[in-house]
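Per chain, numbering begins at 1; letters A, B, ... match sequence-line order.
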There are 2 protein chains.
Amino acid sequence: MTRVDRAEQILEHAQRMVQVRGFNAFSYADLAEATGIRKASIHYHFKTKAQLGLELLERYTRGLIGALTQLDTLPSASTRLEGFIDAYRQTQVSGAICLCGSMASDAETLDDATREVIGRYVRLSSEWVEKTLAKGVEDGEFAPGRSTQDAAASLVSALQGALVMSRATGDFGSLDAVERRFFESFRG
Amino acid sequence: MTRVDRAEQILEHAQRMVQVRGFNAFSYADLAEATGIRKASIHYHFKTKAQLGLELLERYTRGLIGALTQLDTLPSASTRLEGFIDAYRQTQVSGAICLCGSMASDAETLDDATREVIGRYVRLSSEWVEKTLAKGVEDGEFAPGRSTQDAAASLVSALQGALVMSRATGDFGSLDAVERRFFESFRG
DNA sequence: GTCTATAACTCGATAGAC
DNA sequence: GTCTATCGAGTTATAGAC
């Protein structure tokens, strides 16, 4: 297997493990078992676990940017925002939480560079929602009056929280509640 | 030191560590250093780490029930809800996240009994908010029309998420945004 | 209750052969 | 690129003295 393919395979498994179990609850031994190569070979691709975590987040952020670019091609602000929320729903039904939400929980055990990428992901999300919301208001699709900035920050927090809570309660309904309240507040 | 005092002291330190670093990122050695006794003595009070985690959550839930009972003595629904949100703000400024939010992130590494207590905590919170909101509407303090159940589930998710996100971004403003939007939606 | 000592294991990481 | 082998440190947990 080529270097990039193998690295990609490792990142794929590692991401899933972080999203399901947490960054401090999986090991190179787990990755070795999942990929079918030995621990030492994982170190060849990712020298340290901290480095693996950083590349995981950078890759995840690239994925976000790609997804948002895709969503931007949709015709209305509401369909774009529905698509955004749907991505969280997909994460939820797969039994995972957001990679950044998971790593933010362990933030104090990570280095500054890694924490910075998490912050950037959250800001990117929030700013995209705010921009999309403002466009919707501008186009007359949404009712004006509410703060688009507060709405964006609230939505991102609520979606992140809903994923974490639903895994503990087994109740997936809070994500729907978040979505309903979000759109309700911009109804004319 | 008596048995109960020592156990209480250990729980106090352990809770802080879980809220700041995560359940899988602190050890009996850390607790030994914090309390000034040896690792083996910690095991005398809490046989296993899983047992410590369970007792941590049960104690935290008792704290919630006590706090909600206190809040129920306040004169209006809005002051009660402000008090509820303020508790999250205090957690935030102390650099921590909710104990249940932290452990919910590691939920897949915990046993069923422990997960159950987390779920109970979330349900208790959400039901109290819903009840308080409904009372406010009934008393004419809040405008009717919105689903109190959706609002409660959204608020709890958003507060939990805001704590996690703010630690990664360094921006404490999302909690204020959540609060403003929550009360805004019930304004006449 | 708290101690010392240690078992049994897992962790991230490295050296060096192929 | 992947392997075997191993290091040193950390982990939870227990036995038994005081």
Side-chain angles (χ1 to χ4, degrees), chain A residues 1-18 20-57 59 102-103 105-115, chain B residues 1-18 20-57 59 102-103 105-115:
Chain A
M1 195 174 273
T2 71
R3 191 186 329 181
V4 285
D5 285 353
R6 182 65 85 186
E8 183 62 25
Q9 182 204 16
I10 294 167
L11 286 170
E12 199 71 53
H13 281 111
Q15 181 181 318
R16 176 77 194 167
M17 289 178 188
V18 176
V20 171
R21 309 182 39 188
F23 187 72
N24 292 314
F26 85 97
S27 67
Y28 270 47
D30 296 328
L31 282 178
E33 201 194 345
T35 55
I37 61 175
R38 302 292 184 171
K39 273 196 303 175
S41 307
I42 312 278
H43 278 285
Y44 169 79
H45 295 280
F46 303 96
K47 204 152 187 5
T48 67
K49 198 182 177 188
Q51 182 63 29
L52 171 61
L54 186 61
E55 293 195 36
L56 222 37
L57 284 164
R59 174 170 167 277
S102 174
M103 294 189 70
S105 298
D106 302 312
E108 304 298 317
T109 70
L110 307 171
D111 53 61
D112 288 350
T114 306
R115 247 199 308 267
Chain B
M1 195 174 275
T2 71
R3 190 184 330 176
V4 287
D5 284 353
R6 183 63 85 186
E8 182 60 28
Q9 182 204 17
I10 295 167
L11 287 169
E12 199 70 54
H13 281 110
Q15 180 180 318
R16 176 78 193 165
M17 289 177 188
V18 175
V20 172
R21 311 183 36 187
F23 188 71
N24 292 313
F26 86 97
S27 68
Y28 271 46
D30 296 327
L31 283 178
E33 200 194 346
T35 55
I37 61 176
R38 299 295 183 167
K39 278 192 297 174
S41 308
I42 313 277
H43 278 284
Y44 168 80
H45 294 280
F46 304 96
K47 202 149 187 8
T48 66
K49 198 182 176 187
Q51 182 63 29
L52 172 62
L54 186 60
E55 293 195 35
L56 223 36
L57 284 165
R59 173 171 168 277
S102 174
M103 294 188 71
S105 297
D106 302 311
E108 305 298 317
T109 69
L110 307 172
D111 53 61
D112 288 349
T114 306
R115 247 199 307 267

Mind calculating the distance between [atom1] ([X]) and [atom2] ([N]) to the nearest angstrom?
| X | N | atom1 | atom2 | answer |
| --- | --- | --- | --- | --- |
| I42(A) | dC3(D) | CD1 | C1' | 13 Å |
| H45(A) | dC3(D) | NE2 | C1' | 12 Å |
| L52(B) | dA13(D) | CG | C1' | 14 Å |
| E33(A) | dG12(C) | CD | P | 14 Å |
| R38(B) | dT11(D) | CZ | P | 15 Å |

(message) Taking the side chain as everything from C-beta on, heavy atoms only, tell me whether E12(A) gets closer than 4.5 Å to R59(A).
(response)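 A side-chain contact exists here, since the closest heavy-atom pair is under 4.5 Å.
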
(message) Let's see if you can work this out: which of dT12(D), dC3(D), dT2(C) has an atom nearest to the side-chain heavy atoms of S27(B)?
(response)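 Nearest to the side-chain atoms of S27(B), counting from C-beta on, is dT12(D).
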
(request) Looking only at side-chain atoms of A29(B), point me to the closest of dC11(C), dT2(C), dT11(D). (result)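 Within the option list, the nearest is dT11(D).
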
(request) Taking all non-hydrogen atoms of both residues into account, name the closest pair between T35(B) and R6(B) and its distance. (result)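 Taking every non-hydrogen atom into account, O-NH1, 3.7 Å.
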
(request) Determine the minimum heavy-atom distance between R21(B) and D30(B), stating which atoms define it. (result)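 For R21(B) and D30(B), the tightest heavy-atom pair comes out as NH1-OD2, 4.2 Å.
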
(request) Walk me through it: do R38(A) and Y44(A) pass the test side-chain contact (heavy atoms from CB on, under 4.5 Å)? (result) CA-CA 10 Å; R38(A) 302 292 184 171; Y44(A) 169 79; over 6 Å; no

Rounded distance (nearest 0.5 Å) linking atom [atom1] of [X] with atom [atom2] of [Y]:
| X | Y | atom1 | atom2 | answer |
| --- | --- | --- | --- | --- |
| D106(A) | N24(B) | CG | CG | 8.0 Å |
| Y28(B) | I42(B) | OH | CD1 | 7.5 Å |
| L57(A) | F23(A) | CG | CZ | 8.5 Å |

(message) Between M17(B) and E108(A), is the side-chain contact (heavy atoms from CB on, under 4.5 Å) condition met? List the steps.
(response) CA-CA 10 Å; M17(B) 289 177 188; E108(A) 304 298 317; over 6 Å; no

(request) Summarise protein proximity over nucleotides 13-18 of chain C in one line of letters, 5' to 3': B for base, S for sugar-phosphate only, - for none, counting protein heavy atoms closer than 4.0 Å. (result) BBB---

(message) F46(A) vs L31(A), test: side-chain contact (heavy atoms from CB on, under 4.5 Å). Steps then yes/no.
(response) CA-CA 12 Å; F46(A) 303 96; L31(A) 282 178; over 6 Å; no

(request) Would you tell me if any nitrogen or oxygen in the side chain of Y44(B) comes within less than 4.0 Å of OP1 or OP2 on dG1(C)? (result)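 Yes, Y44(B) has a side-chain N/O under 4.0 Å of OP1/OP2 on dG1(C).
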
(message) Looking at S41(B), I'd like to know whether one of its side-chain N or O atoms comes within less than 4.0 Å of OP1 or OP2 on dC3(C).
(response)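 Checking dC3(C) against S41(B), a side-chain N or O does come within under 4.0 Å of OP1 or OP2.
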
(message) Contact list please: residues 1-9 of chain A against DNA chain C, heavy atoms, distance less than 4.0 Å, in numerical order.
(response)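 Result for residues 1-9 of chain A: none.
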
